[in-house]
Amino acid sequence: SSKDVDGKKVYSNSDADIDILLEIVESDLEEKAVINKDGTVSNYYSSATEAGVSEKAFQEFEKMLEKVNTDVKAGIIQFGNSLFDYTVKDPEVAAAQAYYRFSDSQVQKALKVIRAGGAVAAVAAALGYVPAWVAAGFVALAAIGDLCNWNNNGMCILFVGNKPTSCFPL
């Protein structure tokens, strides 16, 4: 969930366990995710055993897909052939200007997920289940993620519409 603090959107959800996220990223759950005709994303596998992952990782992936599908249904993000092929739309529901604050732990987890090849859904989970368009913005800024978090106290990203425009350390 999010809350407004002095006109800034702040996410305080607990982020996903990095070991579980890396298990998801290292499996083929993301690669085999099914993009449905309505644009939503479904799990290719019906069980953790079938997917070859732990039950916890399977449930976490299901939760990630629920969150991503919320943004798909809102018209904020559209997937092409896979979770790695996406377009972020300019939705009316996106705030004109919003700050998203991430702890050092969230930044480090998200960077690990990105470096391991994770898709936008896994990055969103690492950042505390932020909307997929926020995770996409973080991915775009990932190359400077360590720069924006230079003092290891976390960072903020300023979005205008759904475009990341700047970041700064906390």
Within this structure, what is the [atom1]-[atom2] distance for the pair [X] and [Y], rounded to the nearest 0.5 Å?
{"X": "Phe102", "Y": "Leu170", "atom1": "CZ", "atom2": "CG", "value": "10.5 Å"}
{"X": "Glu62", "Y": "Asn43", "atom1": "CD", "atom2": "CG", "value": "4.5 Å"}
{"X": "Gln59", "Y": "Met64", "atom1": "CD", "atom2": "CE", "value": "12.5 Å"}
{"X": "Ser105", "Y": "Asn149", "atom1": "OG", "atom2": "CG", "value": "10.5 Å"}
{"X": "Phe61", "Y": "Leu21", "atom1": "CZ", "atom2": "CG", "value": "11.5 Å"}
{"X": "Phe58", "Y": "Ser46", "atom1": "CZ", "atom2": "OG", "value": "6.5 Å"}

May I ask you to decide if [Y]'s main-chain N or O and [X]'s side chain share a donor-acceptor pair within less than 3.5 Å?
{"X": "Asn151", "Y": "Asn153", "result": "yes"}
{"X": "Asn69", "Y": "Val41", "result": "yes"}
{"X": "Asp71", "Y": "Ala132", "result": "yes"}

>> Does atom OH (Tyr44) have a neighbourhood of more than 12 heavy atoms from anything else shown, all under 6.0 Å?
In response: no
>> So for atom CG, which belongs to Asp38, do other residues, nucleotides or ligands contribute more than 12 heavy atoms lying within a distance under 6.0 Å?
In response: yes
>> If you apply the rule side-chain contact (heavy atoms from CB on, under 4.5 Å), what do you find for Ile77 with Thr87, and how did you get there?
In response: CA-CA 6 Å; Ile77 193 164; Thr87 303; over 6 Å; no
[X] to [Y] - nearest heavy-atom pair and separation:
{"X": "Tyr86", "Y": "Ala136", "result": "CE1-CB, 3.6 Å"}
{"X": "Ala122", "Y": "Glu30", "result": "CB-OE2, 3.4 Å"}
{"X": "Cys167", "Y": "Met155", "result": "CB-CE, 3.9 Å"}
{"X": "Gly39", "Y": "Val72", "result": "O-CG1, 3.3 Å"}
{"X": "Ala51", "Y": "Leu29", "result": "CB-CD2, 3.9 Å"}
{"X": "Val113", "Y": "Ala126", "result": "CG2-CB, 4.2 Å"}

>> Test side chain to side chain donor-acceptor pair (under 3.5 Å) on Ser42 and Asn36; report intermediate values, then the result.
In response: CA-CA 7 Å; Ser42 299; Asn36 301 308; 2.7 Å; yes
>> Among residues at least two apart in sequence or on other chains, which ones pass side-chain hydrogen bond (donor to acceptor under 3.5 Å, both in side chains) with Ser47?
In response: none
>> Grouping I, L, V, M, F, W and Y whenever their side-chain heavy atoms are under 4.5 Å apart, do Phe84 and Ile35 come out in a common cluster?
In response: no
> Should Tyr45 and Asp28 be marked as a side chain to side chain donor-acceptor pair (under 3.5 Å) after you check the CA-CA gap, both sets of side-chain angles, and the distance that decides it?
Replying inline: CA-CA 10 Å; Tyr45 298 106; Asp28 66 353; 2.8 Å; yes
> So, Glu23 versus Ser54: side-chain donor-acceptor pair below 3.5 Å or not?
Replying inline: yes
> Can you tell if the side chain of Asn152 reaches within under 4.5 Å of the side chain of Gln108, non-hydrogen atoms only?
Replying inline: yes
> Does the side-chain contact (heavy atoms from CB on, under 4.5 Å) test come out yes or no for Phe79 and Thr40, once each step is laid out?
Replying inline: CA-CA 8 Å; Phe79 291 96; Thr40 59; over 6 Å; no
>> Please determine whether side-chain contact (heavy atoms from CB on, under 4.5 Å) holds for the pair Phe138 and Val107, giving the CA-CA distance in whole Å, both sets of side-chain angles, and the decisive distance to 0.1 Å.
In response: CA-CA 9 Å; Phe138 186 92; Val107 171; 4.2 Å; yes
